[in-house]
Amino acid sequence: MAPTSLLSSSLLTVRRLSGPEFEELVAGYPEVDVPIEQSSHWLKTEESGPARKSYGLFAYYDGGILVATASLMLFTRRLRQSVVAINGPAWFAARTPEMERRLVETMKDQARTDPVIDPLYLRLQVANPEIGVRKALEPGWYEREIVVDLTPSEDDLLKSFRANARQSIRKATKAGVEVQFIEPAQRREVFARDLFPILAETAERAEFAAFESDYYERLLAELPELTRLAVAYHNGTAVSWLITTEYRTRAVYYFAGSSTAARGVFAPYILLWETFRVLKEAGNRSCGLTGIVSESYPQLANVTTFKRNWSKNEVDLPVTYDIPLKPKKYAAVGIYVRVRREGIPELVKRARKLKDQGVSKLNNRTRHGA
């Protein structure tokens with residue numbers, strides 16, 4: 001029997017949803033921010049296989065009150081299986097510590113009692129860590145972002161940017177940078193041929209790991225109505241690009257890449273400005289610029305400088321945590337993961353240092369006739 005109040009049961013009622021059922025349900029709550037990663041649409045972009053697959057779409061109720069929804073993925077790695085909500089769950093009720101504790105306990109019970117799966121832990125964003133969570137074994141979703149309000153007029157929106165952004169837009173225009181939005185039928189070809197090499201250059205320059213080209217191509221192909229691919233050209237050559245998503249009037253500046261040449265003609269600035277204009281015209285009320293620097297992501301300092309040109313509205317997000325289902329085994333796996341992540345690179349670093357020292361001593365002996 002479903003619980004009828006906060007006091008009648010600690011567990012919530014769980015309902016598995018089909019894709020159409022999920023979209024019909026959330027359509028009744030237009031004011032709630034449901035991330036696209038938590039929608040039924042995003043599942044089309046997830047490559048199902050032995051290592052990762054969709055576990056399902058779920059709604060959680062307290063009596064007749066919708067508390068949250070979650071699109072859950074099942075990840076299987078060496079020594080561990082996990083149930084993960086990517087940028088979720090989405091909340092429809094007040095996110096109090098007590099209600100969040102009840103949701104977590106419900107999800108734990110859901111995972112433990114399903115005979116088909118055997119997860120070591122849950123991973124999701126938690127706003128009230130005092131309910132009992134662990135720091136995630138791997139980095140999770142970003143913790144802070146800048147959100148641009150697209151509801152003002154174009155003139156007021158442009159005036160809201162920092163002077164550096166406005167000046168850079170004018171310089172890009174003067175330099176002859178042109179922005180094109182690629183039609184869905186041409187996106188895979190254009191991305192693979194012209195844009196992925198720019199991403200590879202960007203990744204090497206900024207020292208981050210990019211996905212293979214097929215990942216971005218699949219995103220664009222599977223969500224043609226919910227994504228845009230914008231490209232900045234200079235003298236007929238692609239120099240900068242970005243991919244945005246749109247869901248429930250909220251857009252996200254999701255992926256981007258720029259060549260060294262793009263910087264010289266300020267292409268990223270006019271590219272993003274023209275994208276804001278198109279997103280606004282399409283009815284989007286805001287555009288999130290994805291992650292900026294935070295305690296867990298100090299490496300985002302460089303992109304933060306660029307993103308702060310567009311808005312002062314910095315938003316803190318719930319942090320990604322793990323909820324162990326088998327605490328002792330989770331602790332042992334945690335040690336293993338930390339050793340692999342921190343210990344092995346340190347051993348390699350020391351080995352290289354000893355090797356360099358040995359080569360240096362050998363060279364010194366050779367020079368002195370030893």
Side-chain angles (χ1 to χ4, degrees), residues 36-37 39 41-49 51-52 86 142 168-169 171-247 251-282 284 287-291 299-300 302-303 306-307 310:
I36 191 171
E37 299 83 7
S39 74
H41 304 290
W42 194 257
L43 296 177
K44 301 174 187 176
T45 73
E46 294 286 355
E47 188 173 18
S48 183
R52 59 188 294 152
I86 302 173
Y142 52 84
S168 297
I169 292 169
K171 289 178 180 178
T173 302
K174 187 175 181 180
V177 179
E178 297 180 349
V179 176
Q180 295 182 21
F181 289 84
I182 309 302
E183 293 297 323
Q186 285 78 49
R187 289 177 181 176
R188 294 197 83 139
E189 179 184 356
V190 170
F191 190 89
R193 184 190 65 221
D194 302 332
L195 308 183
F196 186 70
I198 296 175
L199 178 61
E201 178 187 335
T202 305
E204 182 177 3
R205 184 177 64 239
E207 298 182 341
F208 68 85
F211 297 108
E212 295 298 323
S213 184
D214 184 66
Y215 175 87
Y216 308 93
E217 295 173 41
R218 186 170 64 249
L219 171 65
L220 294 166
E222 294 294 341
L223 301 180
E225 304 301 322
L226 300 178
T227 57
R228 295 182 194 270
L229 175 60
V231 184
Y233 292 89
H234 185 243
N235 293 332
T237 301
V239 294
S240 185
W241 61 268
L242 62 80
I243 294 173
T244 60
T245 61
E246 297 166 64
Y247 184 61
V252 177
Y253 166 65
Y254 220 98
F255 296 115
S258 292
S259 66
T260 302
R263 294 180 166 189
V265 293
F266 302 92
Y269 290 89
I270 195 169
L271 179 63
L272 192 49
W273 165 235
E274 292 298 332
T275 300
F276 286 151
R277 295 177 66 190
V278 169
L279 293 173
K280 174 180 170 60
E281 180 66 23
N284 292 284
C287 181
L289 302 188
T290 61
Q299 67 270 31
L300 294 178
N302 289 336
V303 296
F306 172 73
K307 292 177 181 180
W310 308 100

Identify the two heavy atoms, one from [X] and one from [Y], that lie closest to each other, and give their separation to 0.1 Å.
X	Y	answer
Leu279	Ala251	CD1-CB, 3.7 Å
Val239	Ala267	CG2-CB, 3.8 Å
Phe196	Glu212	CE1-C, 3.9 Å
Gly291	Leu300	C-CD1, 3.8 Å
Thr275	Ala230	OG1-CB, 3.7 Å
Glu217	Ala192	OE2-CB, 3.5 Å

Do [X] and [Y] make a side-chain contact, defined as non-hydrogen atoms from C-beta onward lying under 4.5 Å apart?
X	Y	value
Leu223	Thr245	no
Leu229	Glu183	no
Thr290	Val252	yes
Val278	Phe181	yes
Leu195	Val190	yes

Rounded to the nearest 0.5 Å, what separation is found between the [atom1] atom of [X] and the [atom2] atom of [Y]?
X	Y	atom1	atom2	result
Asp194	Thr237	CG	OG1	9.0 Å
Cys287	Lys280	SG	NZ	13.0 Å
Phe266	Ser168	CZ	OG	5.0 Å
Thr45	Glu37	OG1	CD	8.5 Å
Tyr247	His41	OH	NE2	5.0 Å
Arg193	Gln186	CZ	CD	10.0 Å

For Arg263 and Ser240: C-alpha separation, side-chain torsions, deciding distance, then whether side chain to side chain donor-acceptor pair (under 3.5 Å) applies. CA-CA 9 Å; Arg263 294 180 166 189; Ser240 185; over 6 Å; no

Side-chain donor/acceptor of [X] to backbone N/O of [Y], under 3.5 Å:
X	Y	value
Arg277	Leu272	no
Lys171	Gly264	no
His234	Ala175	yes

Among residues at least two apart in sequence or on other chains, which ones pass ring pair (Phe, Tyr, Trp, His ring centres under 6.0 Å) with Tyr254?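 Testing Tyr254 for ring pair (Phe, Tyr, Trp, His ring centres under 6.0 Å), a comparison that skips the adjacent residues, returns Trp42.
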
Listed partners of Phe191 passing ring pair (Phe, Tyr, Trp, His ring centres under 6.0 Å), at least two apart: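 Phe191 satisfies ring pair (Phe, Tyr, Trp, His ring centres under 6.0 Å) with Tyr216, Trp241 only.
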
So, Glu246 versus Thr227: side-chain donor-acceptor pair below 3.5 Å or not?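 The answer is no; no qualifying pair exists.
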
Assess whether a salt bridge exists between Lys44 and Glu222, defined as any Lys/Arg side-chain N lying under 4.0 Å from an Asp/Glu carboxylate O.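 Looking at Lys44 and Glu222, the cut-off is not met.
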
Could you walk me through whether Tyr215 and Phe255 pass side chain to side chain contact (heavy atoms under 4.5 Å, CB included), step by step? CA-CA 11 Å; Tyr215 175 87; Phe255 296 115; 3.7 Å; yes

Report the C-alpha distance between Leu220 and Ile182 in whole Å, list the side-chain angles of each, state the deciding distance to 0.1 Å, and finish with yes or no for side chain to side chain contact (heavy atoms under 4.5 Å, CB included). CA-CA 10 Å; Leu220 294 166; Ile182 309 302; over 6 Å; no

Decide yes or no on side chain to side chain contact (heavy atoms under 4.5 Å, CB included) for Thr173 and Ile270, but give the supporting numbers first. CA-CA 7 Å; Thr173 302; Ile270 195 169; 3.3 Å; yes

Describe, in one word, how the ring planes of Phe306 and Trp310 are oriented to each other, choosing from parallel (under 30°), tilted (30 to 60°) and perpendicular (over 60°).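 Ring orientation, 0 to 90° scale: perpendicular.
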
Working note: Leu242 + Arg228, criterion side chain to side chain contact (heavy atoms under 4.5 Å, CB included); need CA distance, chi angles, decisive distance, verdict. CA-CA 8 Å; Leu242 62 80; Arg228 295 182 194 270; over 6 Å; no

Residues in side chain to side chain donor-acceptor pair (under 3.5 Å) contact with Trp273, at least two apart in sequence or another chain: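 Testing Trp273 for side chain to side chain donor-acceptor pair (under 3.5 Å), a comparison that skips the adjacent residues, returns none.
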
Give a yes or no on whether Glu46 atom CD has more than 12 heavy-atom contacts from other residues, nucleotides or ligands under 6.0 Å away.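 Counting neighbours around CD of Glu46, more than 12 heavy atoms of other residues, nucleotides or ligands fall under 6.0 Å, so yes.
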
